[in-house]
Amino acid sequence: FSITLGGVAYTFKKDSDFTYEAGKVSTFTIRVSRKVPSGEYELELADVSISPWKEDINTHESEARQYYVVNVETPGTLGSLIKAAKKNPDKIRNLKVTGQITDTDFWFMRDSMAILEAVNLKEVKVKNADCSESSVHSISRGDDIIPYRAFYNKASLVYFSFPEIITVIGAEAFHNTNLSGALILPDDVTIIGEYAFSSTNIGSVSFGGKLESILKYAFGECSYLSGQLILPDSLLSIRD
């Protein structure tokens, strides 16, 4: 393992061979200690556990990335916070956001971060976001919404980790991105908007138990989709 602490890369190597088991998750817990008085870090293997594999996006791929982390206390200020930290948004490839964001923060990620490849919003609350163009009945703005055209045509985007609670995915939210792999939607999603995931590279999709509506062309031209499709009992309508 190579772990970066304070800008310095520290390496850890296990003192004996390890055999990975097919169909199992191997979890390594590394204890990080700081030496006195030098201030250098020391890495030590604290625990190894092996458990059955679960298709869980939180333990697959996302944790291995080195993210630039921004805590947003006031929705709508993501861009100004990045610039205030004297960080060039066009140089950020992997971004983790915590706190609260709104639609303008999504559009900043879409339009002002040229090479953005991975976005982790697991610890985010979405506030007062716009989905007025998503044909979502009477809903136009609200909390816990992935907004209209959130990452529309964002070709650099490959990986996205949803907030814990999302109820609506707005129209064209991920249209024509390079989103790939297994799409596991949050349990609270009730509506998937028009063209929400169309023309992406997703390979499979798993729906939560509260889904009510899939609007037209939500998964249109997703040529990599394969496997078993399981629709929840809560589903009321599938459009074109």
Is there a chain of hydrophobic side chains (I, L, V, M, F, W, Y, each step under 4.5 Å between heavy atoms) that links Ile146 to Ile165? no

Tell me whether the count of non-hydrogen atoms from other residues, nucleotides or ligands lying under 6.0 Å of NZ in Lys14 goes above 12. yes

Donor-acceptor pair, Asn178 side chain versus Ser156 backbone, under 3.5 Å? no

side-chain hydrogen bond (donor to acceptor under 3.5 Å, both in side chains) for Thr200 and Thr177? Distances and angles first, verdict last. CA-CA 5 Å; Thr200 60; Thr177 65; 5.6 Å; no

Carboxylate-amine/guanidinium contact Asp144 Lys125, below 4.0 Å: yes

Is it true that a side-chain atom of Thr102 and a backbone atom of Lys127 form a donor plus acceptor pair closer than 3.5 Å? yes

Between Arg31 and Glu42, is there a donor-acceptor pair closer than 3.5 Å when you use the side chain of the first and the backbone of the second? no

Applying side chain to side chain contact (heavy atoms under 4.5 Å, CB included) to Val124 and Gln100, what does each step give before you reach the verdict? CA-CA 6 Å; Val124 154; Gln100 301 184 100; over 6 Å; no

Nearest-0.5 Å distance that lies between atom CG in Asp105 and atom OG in Ser112: 11.0 Å

Which heavy atom in Ser161 sits nearest to a heavy atom in Tyr159, and how many Å separate them? CB-OH, 3.6 Å

Is Val72 reachable from Leu95 through a run of hydrophobic residues whose side-chain heavy atoms are each under 4.5 Å from the next? yes

Are more than 12 heavy atoms, taken from residues, nucleotides or ligands other than Phe12, located less than 6.0 Å from that residue's CZ atom? yes

Could you check if a side-chain atom of Phe162 sits within less than 4.5 angstrom of a side-chain atom of Leu185, using non-hydrogen atoms only? yes

From the list Asp187, Asp188, Thr167, side-chain hydrogen bond (donor to acceptor under 3.5 Å, both in side chains) partner of Lys210 resolves to Asp188

Roughly how far apart are Ile202 CD1 and Ser226 OG, rounded to 0.5 Å? 10.5 Å

Leu157 side chain reached by Glu117 side chain, heavy atoms, under 4.5 Å: no

Treating Ile, Leu, Val, Met, Phe, Trp and Tyr as nodes and any side-chain heavy-atom pair under 4.5 angstrom as an edge, say whether Val32 and Leu45 lie in one connected cluster. yes

Yes or no on side chain to side chain contact (heavy atoms under 4.5 Å, CB included) for Asn176 and Phe151, after CA distance, side-chain angles and deciding distance? CA-CA 9 Å; Asn176 204 30; Phe151 293 100; over 6 Å; no

Any side-chain donor-acceptor pair under 3.5 Å between Lys35 and Ser33? no

Measuring centre to centre across the rings, with the benzene-like ring taken for any Trp, is Phe18 within less than 6.0 Å of Tyr20? yes

Does a salt bridge link Glu40 with Arg34, judged by any charged N lying under 4.0 Å from a carboxylate O? no

To the nearest 0.5 angstrom, please state how far the OG atom of Ser199 sits from the CG atom of Leu179. 12.5 Å

Could you tell me if the side chain of Val48 sits less than 4.5 Å from the side chain of Thr27, heavy atoms only? no

Verify the neighbour count for atom CD of Glu44: are there more than 12 heavy atoms of other residues, nucleotides or ligands below 6.0 Å? yes

Identify the two heavy atoms, one from Leu78 and one from Val70, that lie closest to each other, and give their separation to 0.1 Å. CD1-CG1, 3.8 Å

Please walk me through it: do Arg93 and Leu116 pass side chain to side chain contact (heavy atoms under 4.5 Å, CB included)? CA-CA 4 Å; Arg93 189 176 300 276; Leu116 189 62; over 6 Å; no

Can you tell me how far apart CD1 (Ile238) and CD1 (Ile192) are? Round to the nearest 0.5 Å. 9.5 Å

Check the hydrophobic clustering (I, L, V, M, F, W, Y; side-chain heavy atoms under 4.5 Å; chains of links allowed) and say if Leu235 and Leu229 are grouped together. yes

Quick check against the 3.5 Å criterion: does Asp103 have a side-chain atom that pairs as donor or acceptor with the backbone of Pro147? no

Compare every heavy atom of Ile115 with every heavy atom of Asp90, then report the nearest pair and how far apart it is. O-CG1, 3.5 Å

Using a 4.5 Å cut-off on heavy atoms from C-beta on, say whether the side chain of Glu172 contacts that of Tyr148. yes

Is Tyr195 reachable from Phe197 through a run of hydrophobic residues whose side-chain heavy atoms are each under 4.5 Å from the next? no

For Lys216, enumerate each residue passing the salt bridge (Lys or Arg N to Asp or Glu O under 4.0 Å) test, keeping only those at least two apart in sequence or located in another chain. none

Should the pair Lys96 and Tyr68 be classed as cation-pi, given the thresholds of under 6.0 Å to the six-membered ring centre and 45° from the axis? no

Determine whether the aromatic ring centres of Phe174 and Tyr152 lie less than 6.0 Å apart. no

Do Glu164 and Lys122 make a side-chain contact, defined as non-hydrogen atoms from C-beta onward lying under 4.5 Å apart? yes

With a 3.5 Å distance limit and no angle check, can you tell me whether Ser234 reaches the backbone of Gly209 through a side-chain donor-acceptor pair? yes

Verify side chain to side chain contact (heavy atoms under 4.5 Å, CB included) between Leu183 and Phe207, making sure each step is shown before the conclusion. CA-CA 9 Å; Leu183 176 66; Phe207 301 113; over 6 Å; no

Ile169 and Ile191, any side-chain heavy atoms less than 4.5 Å apart: no

With a 4.5 Å limit on heavy-atom distance, are the side chains of Asn120 and Phe160 in contact? no

Can you check whether Asn128's main-chain N or O pairs, donor with acceptor, with Arg141's side chain at less than 3.5 Å? yes

Could you grab the distance from atom OG of Ser213 to atom CZ of Arg239, nearest 0.5 Å is fine? 6.5 Å

Using the test salt bridge (Lys or Arg N to Asp or Glu O under 4.0 Å), find all partners of Glu221 that sit at least two apart in sequence or belong to another chain. none

CD1 (Ile214) and CD (Glu194) are apart, to the nearest 0.5 Å, by 13.0 Å

Taking side chain as C-beta onward, heavy atoms only, is Pro89 less than 4.5 Å from Phe108? yes

